[in-house]
Amino acid sequence: MAYLNDAVMDVLLQYLKDNGDKLNLCSAEPTTYTEAITTYMLANVTIDSTDFTLAAGDTSGRKVTVAGQTAVTVSFAGTTLWAAITDSVGTDLLYAVECSSIVLNIGNTVNTTSFDLEISD
């Protein structure tokens, strides 16, 4: 068992909030920035710190909730399986999470639901 102070968890989550500027919907799990923005990217949208909310975790610890996005333009056809948050300034993949699969068609738009990254105590 380990202990991690809430203030330490908040620093990690705050980094995501301060630096995440794109939400990318991907056809496969990205493990690099390039995969998230080109190789597997089907749709993306610019996000900013107002799209992130830090709070107490649902069960313990701390979490950040990423707001749902509306009318995200689809750039490539495929099935989205992963969502990735990237930092275009630092060219970093910050977070990738499996999501519900949605078939996307070029030129259409898609809405995303909110999702959490939770660090438990």
Side-chain angles (χ1 to χ4, degrees):
M1 198 84 167
Y3 172 79
L4 187 60
N5 187 285
D6 285 352
V8 176
M9 289 184 256
D10 283 346
V11 169
L12 179 138
L13 299 173
Q14 187 68 43
Y15 185 89
L16 185 65
K17 179 178 180 173
D18 290 345
N19 295 283
D21 61 9
K22 289 281 187 184
L23 174 63
N24 308 277
L25 302 179
C26 300
S27 60
E29 179 183 9
T31 58
T32 66
Y33 177 76
T34 300
E35 288 178 348
I37 68 160
T38 58
T39 310
Y40 302 132
M41 191 275 295
L42 302 174
N44 70 13
V45 62
T46 299
I47 56 177
D48 62 32
S49 62
T50 63
D51 291 302
F52 297 85
T53 304
L54 276 64
D58 293 334
T59 54
S60 71
R62 302 291 291 161
K63 72 177 180 179
V64 64
T65 300
V66 181
Q69 304 295 309
T70 58
V72 178
T73 301
V74 176
S75 300
F76 301 97
T79 301
T80 185
L81 300 171
W82 287 81
I85 296 173
T86 54
D87 170 9
S88 65
V89 175
T91 62
D92 289 317
L93 170 61
L94 300 178
Y95 181 61
V97 62
E98 203 167 3
C99 63
S100 300
S101 68
I102 303 169
V103 176
L104 302 178
N105 294 304
I106 295 173
N108 288 351
T109 61
V110 62
N111 298 332
T112 68
T113 59
S114 64
F115 60 93
D116 298 334
L117 165 57
E118 186 165 338
I119 304 169
S120 60
D121 283 339

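Worth saying up front: this structure is predicted, and the values here are computed from it rather than measured.
Between Leu104 and Ile102 the shortest side-chain heavy-atom distance falls below 4.5 Å. Between Met9 and Asp6 the shortest side-chain heavy-atom distance falls below 4.5 Å. Ile47 places a side-chain heavy atom less than 4.5 Å from the side chain of Phe52. A heavy-atom distance below 4.5 Å is not found between the side chains of Leu117 and Val97.
Of the inter-residue distances, the one linking Leu25 atom CG with Thr112 atom OG1 reads 6.5 Å to the nearest 0.5 angstrom.
Scanning for side-chain hydrogen bond (donor to acceptor under 3.5 Å, both in side chains) contacts around Thr53 gives an empty result, with sequence neighbours left out. By the side-chain hydrogen bond (donor to acceptor under 3.5 Å, both in side chains) test, Glu29 pairs with no residue at all, sequence neighbours left out. For Asp58, the salt bridge (Lys or Arg N to Asp or Glu O under 4.0 Å) partners at least two apart in sequence or on another chain are Lys63. Among residues two or more places apart in sequence or in another chain, the side-chain contact (heavy atoms from CB on, under 4.5 Å) test is passed with Asn19 by Tyr15, Asp87, Leu94. Annotation: side-chain hydrogen bond (donor to acceptor under 3.5 Å, both in side chains) contacts of Asp10 (sequence neighbours excluded): Arg62. Qualifying side-chain hydrogen bond (donor to acceptor under 3.5 Å, both in side chains) partners for Asn111, counting only residues two or more places apart in sequence or in other chains: none.
Hydrophobic clustering keeps Ile119 apart from Val11 (ILVMFWY residues linked when any side-chain heavy atoms are closer than 4.5 Å, directly or through intermediates).
Contacts classified as side-chain hydrogen bond (donor to acceptor under 3.5 Å, both in side chains) and involving residues 88-105 (residues at least two apart or in different chains) are given here: Asp21-Ser88.
Clustering of Ile, Leu, Val, Met, Phe, Trp and Tyr side chains at separations under 4.5 Å leaves Leu93 isolated, with no partner residue.
Nearest heavy-atom pair across Trp82 and Pro30 is CB-CD, 4.0 Å.
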In residues 66-81, what donor-acceptor pairs under 3.5 Å come from side-chain atoms, sequence neighbours left out?
unit_1	atom_1	unit_2	atom_2	d
Gln69	NE2	Asp51	OD1	3.2
Gln69	NE2	Ala67	O	3.1
Thr80	OG1	Cys26	O	3.4

Using atom types as modelled, flag every donor-acceptor pair under 3.5 Å from a side chain in residues 36-44 to any protein atom, sequence neighbours excluded.
unit_1	atom_1	unit_2	atom_2	d
Thr38	OG1	Thr34	O	2.6

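With hydrogens and angles ignored, the 3.5 Å screen pairs a side-chain donor or acceptor of Glu118 with a backbone N or O of Thr59.
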